[in-house]
Amino acid sequence: MRKILTPQFFRRPTLTVAKDMLGKFLVRRIGKKEINLMITEVEAYDGPEDKASHASRGKTERNKIMFGDAGNWYIYFTYGMHWMLNVVVGSKGYPAAILIRETDKISGPARITKYLKIDKKFNAKPANKKTGLWIEDRPACAGRGVKIKPSMIKRNKRIGVAYAGKWADKPYRFTYVQQKS
DNA sequence: ACGATGATGAAC
DNA sequence: TTCATCATCGTA
């Protein structure tokens, strides 16, 4: 029982979507092969005022996808060598996105895109089966699926945004922490 | 602690 | 057209 997340999942308040993405599965199909990674850490980039967000200086050629429909991929190149994977969230016209920063098998946003062979060809494409890259919800009984409780979610400052003034201190990084038994 | 490495956006 | 910057990572 697997449910592919649709635009309406992403068309909600940024921080709500960020929290709800923990425990969901990022799925990449390459040929006949399917790679599944459970999302364990994300960062929210929320609105035109967020100085850590690409959208803080208005709409540009690169960030225009953030201003568009929820449920599309926003993929950009940074540090001369890395691709970052984000999904656009919130209402149309309101620039917001969630960066997928860590999964159960692969840690680090650039490592994830390298592992899944993701680059600019996915930018502005919808997250669905047709594009070969999407996000699924799964029940706790199916394989690695888990039920995320609020006590399992840690909130911290975002990484690599120290330049962003007071926005650098916002607890917009959400991490799923496994409970010790 | 630092260099790799190139697109992006803002200034000129 | 130039230039500083950058939502990172591997090696030291």
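Remember, it's a predicted structure, so these values are computed and weren't measured experimentally. Chain letters run A, B, ... following the sequence lines, proteins first and then strands; every chain starts at 1.
- No donor-acceptor contact under 3.5 angstrom links the side chains of A/Arg62 and A/Asn123, judged on distance only.
- In this structure, A/Lys64 atom NZ and B/dG9 atom P are separated by 10 Å, rounded to whole Å.
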I'd like a list of close polar pairs between nucleotides 6-8 of chain C and the protein, N/O only, cut-off under 3.5 Å.
| residue | atom | partner | partner atom | Å |
| --- | --- | --- | --- | --- |
| C/dA7 | OP1 | A/His54 | NE2 | 2.9 |
| C/dA7 | OP2 | A/Tyr163 | OH | 2.6 |
| C/dA7 | O4' | A/Tyr45 | OH | 3.4 |
| C/dA7 | N9 | A/Tyr76 | OH | 3.0 |
| C/dA7 | N7 | A/His54 | NE2 | 3.3 |
| C/dA7 | N1 | A/Asn86 | OD1 | 2.5 |
| C/dA7 | N3 | A/Tyr76 | OH | 3.2 |
| C/dT8 | OP1 | A/Arg101 | NH2 | 2.8 |
| C/dT8 | O2 | A/His82 | NE2 | 2.8 |

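- A 4.5 Å side-chain heavy-atom check between A/Tyr176 and A/Ile153 finds every atom pair outside the cut-off.
- A salt bridge links A/Arg144 with A/Asp104: the distance from a Lys NZ or Arg NE/NH1/NH2 to an Asp or Glu carboxylate oxygen falls below 4.0 Å.
- Distance, A/Ile106 CD1 to C/dC9 P: 11 Å, rounded to whole Å.
- A salt bridge links A/Arg173 with A/Glu41: the closest approach of a Lys/Arg side-chain nitrogen to an acidic carboxylate oxygen falls below 4.0 angstrom.
- Atom NZ in A/Lys51 sits roughly 17 Å away from atom C1' in C/dT5 (whole-Å rounding).
- Side-chain atoms of A/Arg12 come within 3.5 Å of backbone N or O of A/Phe9 as a donor-acceptor pair.
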| said: Once pairs are restricted to Watson-Crick or G-U wobble with both distances under 3.5 Å, how does DNA chain B read as a dot-bracket string, [ ] for crossings and | for other-strand pairs? | reply: ||||.||||||.
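- Electrostatic pairing of A/Arg158 and A/Asp50 counts as a salt bridge here, judged by a charged N lying under 4.0 Å from a carboxylate O.
- In this structure, A/Phe67 belongs to a hydrophobic cluster whose other members, linked by side-chain heavy atoms under 4.5 Å apart, are A/Tyr45, A/Ile65, A/Met66, A/Tyr74, A/Tyr76, A/Met84, A/Val88, A/Leu99, A/Val161, A/Tyr163.
- The main-chain N or O of A/Asn72 is never found under 3.5 Å from a side-chain atom of A/Asp69 such that the two would form a donor-acceptor pair.
- A/Glu61 places its CD atom 13 Å from the P atom of B/dA10, with the value rounded to the nearest Å.
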